[in-house]
Amino acid sequence: MIASGGNTRQVRTIVETIEEQLREQDNGARPRAEEGRQEGSWVLLDYGDIVVHVFLEETREYYGLERLWTDAPRLDWHSANAAS
């Protein structure tokens with residue numbers, strides 16, 4: 001999963017929310033590895049089957065991680081949330 005926030009506070013809040021939701025839904029799941037929380041421009045959470053990248057918007061644009069996964073399915077989060 002790749003997501004982004006407009007500032008480091010938003011990035012950290014997104015990361016914390018993802019962690020809380022996964023702990024609640026997956027019986028206390030915790031990431032196997034985590035990097036970047038202190039800096040807050042690119043946080044990686046590795047849950048094994050799920051890897052989460054949360055970027056500052058400009059950092060996400062600079063690295064263009066989506067280019068590495070051009071054949072992966074894309075989900076428009078806003079559309080998915082509107083449907084539920």
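Note that the structure is a prediction, hence the values are computed from the model and not measured. Heads up: numbering here begins at 1 and tracks the sequence.
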| query | Do L65 and H53 have side-chain heavy atoms sitting under 4.5 Å apart? | reply | yes

| request: Check whether more than 12 heavy atoms from other residues, nucleotides or ligands sit under 6.0 Å from atom CD of E57, and answer yes or no. | output: yes

| task | List the steps, then state whether side-chain contact (heavy atoms from CB on, under 4.5 Å) holds for E66 with R60. | result | CA-CA 9 Å; E66 290 91 342; R60 180 177 179 174; 2.6 Å; yes

| Which pair of heavy atoms, one from E19 and one from P31, lies closest together, and at what distance? | OE2-CG, 4.0 Å

| field | Approximate separation, where rounding is to 0.5 Å, of L56 CG and Q10 CD | value | 9.0 Å

| remark: dist Y63:OH -> S41:OG (nearest 0.5 Å) comes out at 7.5 Å

| task | Calculate, to the nearest 0.5 Å, the distance between atoms CD1 and CZ belonging to I14 and R12 respectively. | result | 12.0 Å

| note | Here the gap from W42 atom CH2 to I2 atom CD1, rounded to the nearest 0.5 Å, amounts to 9.0 Å

| said: Please say yes or no: joined through hydrophobic side-chain contacts below 4.5 Å, possibly via intermediate residues, are V54 and W69 part of one cluster? | reply: no

| said: Count I, L, V, M, F, W, Y as connected when their side-chain heavy atoms are under 4.5 Å apart, and connections chain through other members. Are M1 and V15 then in the same cluster? | reply: yes

| Interatomic spacing from CD1 in I50 to CG in L45 - rounded to 0.5 Å | 10.5 Å

| message | For a side-chain contact (heavy atoms from CB on, under 4.5 Å) check, start with the C-alpha distance between V11 and F55, then their side-chain angles and the critical distance, and finish with the verdict. | response | CA-CA 7 Å; V11 168; F55 291 95; 6.0 Å; no

| field | Approximate separation, where rounding is to 0.5 Å, of L44 CG and R37 CZ | value | 11.0 Å

